[in-house]
Asker: 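Below is a structure I'd like to ask you about.
Naming convention: chains lettered A, B, ... in sequence-line order (proteins, then strands); numbering from 1 in each chain. It should be emphasised that the depicted structure is a prediction, and the values quoted were computed from it without experimental measurement.
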2 protein chains.
Amino acid sequence: MARGVETRARILSVAREAVLWKGFDATSIDEIVAGAELTRSGFFYHFPDKNALAVALIDQHADEEREMLDGIFARAAELSDDPLQRVLIAMKLLAETVENVERDYPGCIVATAAFQDRLFSSDVREANRRAVAAWRDRFIAVFEELAESYPPRTSVEMADLADTVNTVLEGGIVMAKALGERRVLATQVLVLRNLLRLAFEPPRA
Amino acid sequence: MARGVETRARILSVAREAVLWKGFDATSIDEIVAGAELTRSGFFYHFPDKNALAVALIDQHADEEREMLDGIFARAAELSDDPLQRVLIAMKLLAETVENVERDYPGCIVATAAFQDRLFSSDVREANRRAVAAWRDRFIAVFEELAESYPPRTSVEMADLADTVNTVLEGGIVMAKALGERRVLATQVLVLRNLLRLAFEPPRA
DNA sequence: CAGCTACTGGACTGCCGGTACAGTGAAAAG
DNA sequence: CTTTTCACTGTACCGGCAGTCCAGTAGCTG
């Protein structure tokens, strides 16, 4: 890795850790540069300001989440050919994943940014919007495919249902943080899984 | 109203407005005292520090939400005697309420506090926990009563389902903020309403 | 050897939360 | 009618923070 690229990655890694634990504005640049072993000037060489750091963190986070979802859906496809079973398996895997991930990282970059957004430039808000919209599109495709074989038993737009997945994840993180009960997040994903089953599973003949 | 009480209320009112729009730490004390027409010293006479302001805001917010829920459930009880219909009416009223409230206030004090909690003292976290727990208890009672007449069609704890209501509200706010689409919140409440109907409505004979 | 990249180091500005403390007008208590 | 208390004002100060400016420099590259 080239000299500059490696330093930039080190900054992002240290910043990511701190931001997920403490929130964005509780993380000072001084603290980041201490962890990444460089100077304040060095930081501002790589990022014009803290907004640029936020955008880089959001983009990186979105990439990692996309890969995580790729993995989950690939595994679900291996385990079943049935569209409904695939979704239910994917939701179970998602619950397990957040259970493990959130043990280490109690925060979520997207929500953190959303609740401090007046602090941020429009670049940051736009990066955040893109990250959420990517999840929405992903789940729209999944639910529309599902609805072809399993017509939903209630009148609901697949786009809104796609948003529900994201809503439960973000809301679950808020709840877990507010209550100080980490498992709330995984539990809520499983509740959603049960409700989705009811929404698509045909009545027993 | 006594002199001091009126000033304190004015501070809370100005602070509330600013915090809901911009987040807690983007709201400076200078700005609050300017809006409330007093001095910095006057502010610190009423609140020892910003944490105390946060606690007061959370408590006030929790009271208002409790009254809102009282109103919704009272109205639902007027409109139907059937437990399931009451819940469905209440969810509809809730969706309408958030639609209107969130037109003016894009934020939620609870979530705002949850995402900046490393900045706050344990007092603030505790106030936040109490506020969320109050909602949970409220909806546990509602769903347990409902389950007596309408046994749920899926295995789910009423406590977890109670949390789901809160989860969808908090998550909906995050989504609405992140996407810049206000109506997402009300839409998600209505999606949850549909899913709850499926979870409790008996199959047509 | 020249020039570019990737920094270091230090001085500086302005905003913010918070502290300290002396003074003061109005109202309630004696 | 005086004294005390409440509810502040005004001013000065501190340390931490983001961000700016700029001069210097080590190392790699053509």
Side-chain angles (χ1 to χ4, degrees), chain A residues 1-19 21-58 112-113 115-125, chain B residues 1-19 21-58 112-113 115-125:
Chain A
M1 218 188 308
R3 216 152 75 87
V5 176
E6 196 270 341
T7 303
R8 196 187 140 96
R10 223 167 55 232
I11 293 171
L12 283 176
S13 158
V14 170
R16 177 201 158 92
E17 199 85 10
V19 167
W21 273 105
K22 309 195 298 180
F24 194 78
D25 48 55
T27 303
S28 73
I29 290 172
D30 278 333
E31 170 185 354
I32 294 168
V33 302
E37 288 175 329
L38 84 167
T39 59
R40 277 170 56 77
S41 309
F43 174 86
F44 284 108
Y45 177 81
H46 285 284
F47 300 97
D49 56 24
K50 233 184 158 186
N51 279 316
L53 174 67
V55 171
L57 283 175
I58 291 168
T112 298
F115 277 94
Q116 305 182 347
D117 68 353
R118 295 276 160 166
L119 246 50
F120 290 133
S121 67
S122 58
D123 289 353
V124 181
R125 280 196 290 279
Chain B
M1 217 189 303
R3 215 163 132 246
V5 176
E6 196 271 339
T7 303
R8 195 187 139 98
R10 223 168 54 234
I11 293 172
L12 283 176
S13 159
V14 171
R16 176 202 159 92
E17 199 85 10
V19 167
W21 273 104
K22 311 196 296 180
F24 195 77
D25 48 55
T27 303
S28 73
I29 292 173
D30 278 333
E31 173 186 349
I32 294 168
V33 302
E37 290 177 327
L38 82 165
T39 59
R40 277 168 57 77
S41 309
F43 174 87
F44 285 109
Y45 177 81
H46 286 283
F47 300 96
D49 56 24
K50 233 184 158 186
N51 278 316
L53 174 67
V55 171
L57 283 175
I58 291 168
T112 298
F115 277 94
Q116 306 181 346
D117 68 352
R118 295 276 161 164
L119 247 51
F120 289 134
S121 67
S122 58
D123 289 353
V124 180
R125 280 197 291 278

Asker: Using the test side chain to side chain contact (heavy atoms under 4.5 Å, CB included), find all partners of B/Glu37 that sit at least two apart in sequence or belong to another chain.
Answerer: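 B/Glu37: no side chain to side chain contact (heavy atoms under 4.5 Å, CB included) contacts found.
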Asker: Round to the nearest Å and state the distance from A/Arg8 atom CZ to C/dA6 atom P.
Answerer: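 That distance rounds to 11 Å.
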Asker: Which heavy-atom pair separates B/Gly23 from B/Thr112 by the least distance, and what is that distance?
Answerer: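 That would be CA-CG2, 4.1 Å.
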Asker: Distance from A/Ile58 atom CD1 to A/Arg16 atom CZ, nearest 0.5 Å?
Answerer: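 Those atoms lie 12.5 Å apart.
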Asker: Calculate, to the nearest 0.5 Å, the distance between atoms OG1 and OH belonging to A/Thr7 and A/Tyr45 respectively.
Answerer: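 Between atom OG1 of A/Thr7 and atom OH of A/Tyr45 there are 10.0 Å.
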Asker: Nearest whole angstrom, please: distance from the C1' of C/dG17 to the CG of A/Asp25.
Answerer: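 About 13 Å, once rounded to whole Å.
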Asker: 5' to 3' on DNA chain D, which nucleotides open and close the contacts with chain B (atom under 4.0 Å from a heavy atom)?
Answerer: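 Counting from the 5' end, contacts occupy D/dC6 to D/dT11.
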Asker: Using the side chain to side chain contact (heavy atoms under 4.5 Å, CB included) criterion, which residues pair with A/Ala52? Sequence neighbours excluded.
Answerer: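 Scan of A/Ala52 (side chain to side chain contact (heavy atoms under 4.5 Å, CB included), adjacent residues dropped) gives A/Phe47, A/Pro48, A/Asp49.
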Asker: Mind calculating the distance between CZ (B/Arg40) and C1' (C/dC16) to the nearest angstrom?
Answerer: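 One finds 8 Å between C1' of C/dC16 and CZ of B/Arg40, rounded.
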Asker: Does A/Arg8 have any salt bridge (Lys or Arg N to Asp or Glu O under 4.0 Å) partners at least two apart in sequence or in another chain, and if so, which?
Answerer: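 Expected list: none.
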Asker: Within residues 41-49 of chain A, which residues have any heavy atom lying less than 4.0 Å from an atom of DNA chain C?
Answerer: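 Contacts with DNA chain C under 4.0 Å: A/Ser41, A/Gly42, A/Tyr45, A/His46.
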Asker: Taking only nitrogen or oxygen atoms into account, show me every contact under 3.5 Å that the protein makes with nucleotides 22-29 of chain C, one pair per line with its distance.
Answerer:
none

Asker: Going by salt bridge (Lys or Arg N to Asp or Glu O under 4.0 Å), name the residues that satisfy it together with B/Asp30, two or more places apart in sequence or in a different chain.
Answerer: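 Salt bridge (Lys or Arg N to Asp or Glu O under 4.0 Å) list for B/Asp30, sorted by chain: B/Arg40.
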Asker: Please say which of B/Asn51, B/Leu53, B/Leu57 ends up in a side-chain contact (heavy atoms from CB on, under 4.5 Å) with B/Val124.
Answerer: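 By the side-chain contact (heavy atoms from CB on, under 4.5 Å) criterion, B/Val124 pairs with just one of B/Asn51, B/Leu53, B/Leu57: B/Asn51.
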Asker: How many angstroms lie between OG1 in A/Thr27 and CD in A/Glu17, if you round to the nearest 0.5 Å?
Answerer: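 Nearest 0.5 Å value for the OG1-CD distance: 10.5 Å.
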Asker: For A/Glu31 and A/Ala18, work out which heavy atoms get closest and say how close.
Answerer: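 Closest approach of A/Glu31 to A/Ala18: OE2-CB, 4.1 Å.
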